[in-house]
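We number each residue from 1, following the sequence as shown.
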Amino acid sequence: MSINIVQLSSAKEVTRTAATIISNKISSERHCVLGLATGKTFLPIYQKLVEMYENGEISFKNVTTFNLDEYVGLGPGSSASFSHYMHRALFDSVDIEVGGFNLLHGAAECPPKEAIHYDKQVVRRGPIDLQLLGVGLNGHIGFNEPGSPHNSRTRVVELCPSTIAANKGDLAGLDVLPSHAITMGIGTILEAKSILVVATGSAKADAIQRLVNGPVSESFPASALRNHRDVTLLVDGAASSKCKP
Ligand code: GLP
């Protein structure tokens, strides 16, 4: 098993290619289940998908989505929540049905129960046809931080200080920064039929090098993807600059 690496000339090309892969998947399935990621990498991709919808090139009526993760304590009303991000970036601007998107409730009364319930939903309504993934600087996927078992399910996790620092810009305005998150587990993610990993910019070069050339190990969560049979990695020149051929 090996990752299909697609090296593109610019971040713009990565965005265009990712949007094309996603829209082709939506068109090719009678009912398409997508796993969605947040983060800065995906904002231009969702923007491109909205443009394609506005031009009549795609519809989300036959799409069910499951988001990867959410901060514990942040409900959909919080502008720092991934729920808010998804509404603003995609859901409010396309024709997805109200019951079509699934988001974790960060402000649920009992986050561990919310995690178990969500995992069951993914299994019941899945398998996910295409899972979108970004990569954290420390190799996290979703919020599966280093040390996460490769067979882990959706659960509450403690965030690494470096992850909180990397995401601080999006958390500005909160009195207390979240220390925990609910994330789909690595085992849950690996059940997707196909996975599209996207990384752009030189800050991701070390993480991409470890993903492509490093050993499969719990200390680098993204390396678990090497054991999946259908992973495509889209990178620009900066993100792939440290990969060995
Ligand atoms: C975040 C999210 C991930 C995201 C990753 C990269 O913390 N939990 O789902 O893919 O880190 O984010 P960015 O695209 O902003 O670099």
Side-chain angles (χ1 to χ4, degrees), residues 18 22 33-50 53 60 63-122 125-126 128 131-138 140-145 148 152-186 188-189 192 198 221:
I22 298 164
V33 185
L34 290 179
L36 300 181
T38 49
K40 289 182 198 67
T41 311
F42 279 92
L43 278 175
I45 298 171
Y46 294 139
Q47 201 185 329
K48 184 80 196 154
L49 289 173
V50 169
Y53 164 72
F60 289 79
V63 175
T64 296
T65 66
F66 284 92
N67 262 81
L68 273 172
D69 46 16
E70 182 59 280
Y71 293 107
V72 168
L74 303 193
S78 165
S79 61
S81 69
F82 289 156
S83 218
H84 187 266
Y85 168 113
M86 284 312 308
H87 277 279
R88 215 183 28 193
L90 185 69
F91 300 153
D92 291 354
S93 307
V94 298
D95 61 347
I96 192 162
E97 307 279 351
V98 176
F101 51 84
N102 295 278
L103 293 156
L104 282 152
H105 295 286
E109 209 171 295
C110 179
K113 261 195 200 160
E114 166 69 6
I116 291 168
H117 171 74
Y118 195 81
D119 203 274
K120 280 188 185 150
Q121 291 299 314
V122 175
R125 300 174 67 185
I128 287 173
Q131 174 68 56
L132 310 182
L133 283 184
V135 182
L137 298 177
N138 63 359
H140 70 224
I141 48 175
F143 270 135
N144 291 283
E145 299 280 32
S148 296
S152 52
R153 307 301 304 182
T154 307
R155 68 204 186 288
V156 176
V157 293
E158 185 172 0
L159 296 170
C160 291
S162 63
T163 297
I164 299 170
N167 292 358
K168 216 160 77 189
D170 305 322
L171 301 169
L174 294 178
D175 295 335
V176 184
L177 292 180
S179 57
H180 290 74
I182 310 176
T183 183
M184 265 166 63
I186 297 180
T188 318
I189 291 169
V198 186

Can you tell me how far the [atom1] atom of [X] sits from the [atom2] atom of [Y], to the nearest 0.5 Å?
X    : Y    : atom1 : atom2 : value
T163 : E158 : OG1   : CD    : 11.0 Å
H117 : I182 : NE2   : CD1   : 11.0 Å
L133 : T41  : CG    : OG1   : 11.0 Å
I22  : L132 : CD1   : CG    : 4.5 Å
L74  : S83  : CG    : OG    : 10.0 Å
M86  : F42  : CE    : CZ    : 10.0 Å

Whether the side chain of [X] engages the backbone of [Y] through a donor-acceptor N/O pair (distance < 3.5 Å, no angle test) should be reported.
X    : Y    : answer
D95  : F60  : yes
Y71  : G106 : no
S81  : G75  : yes
E70  : H105 : no
N102 : T65  : yes
T183 : F143 : yes
E145 : C160 : yes

Next on the checklist: So if I apply the side-chain contact (heavy atoms from CB on, under 4.5 Å) rule between V50 and each of L90, I45, D92, which one comes out positive?
Outcome noted: L90

Checklist entry - Among D170, L36, L43, whose side-chain contact (heavy atoms from CB on, under 4.5 Å) with Y85 holds? => result L43

Smallest separation among heavy atoms of [X] and [Y], with atom names:
X    : Y    : value
D69  : L104 : CA-CD1, 3.7 Å
S148 : R155 : OG-NH2, 3.1 Å
L68  : G142 : CD1-CA, 3.8 Å
G134 : I141 : O-CG2, 3.9 Å
T188 : R153 : OG1-CA, 3.4 Å
E114 : L103 : OE2-O, 4.2 Å

For the residue pair [X] and [Y], establish whether any side-chain heavy-atom pair is separated by less than 4.5 Å.
X    : Y    : value
N144 : S152 : yes
L177 : K168 : yes
M184 : I128 : yes
V156 : P112 : yes

Next on the checklist: Is the ring pair Y118/F66 parallel, tilted or perpendicular, if the boundaries are 30 and 60 degrees?
Outcome noted: perpendicular

Checklist entry - Any idea how F91 and F101 line up, ring-wise: parallel (<30°), tilted (30 to 60°), or perpendicular (>60°)? => result parallel

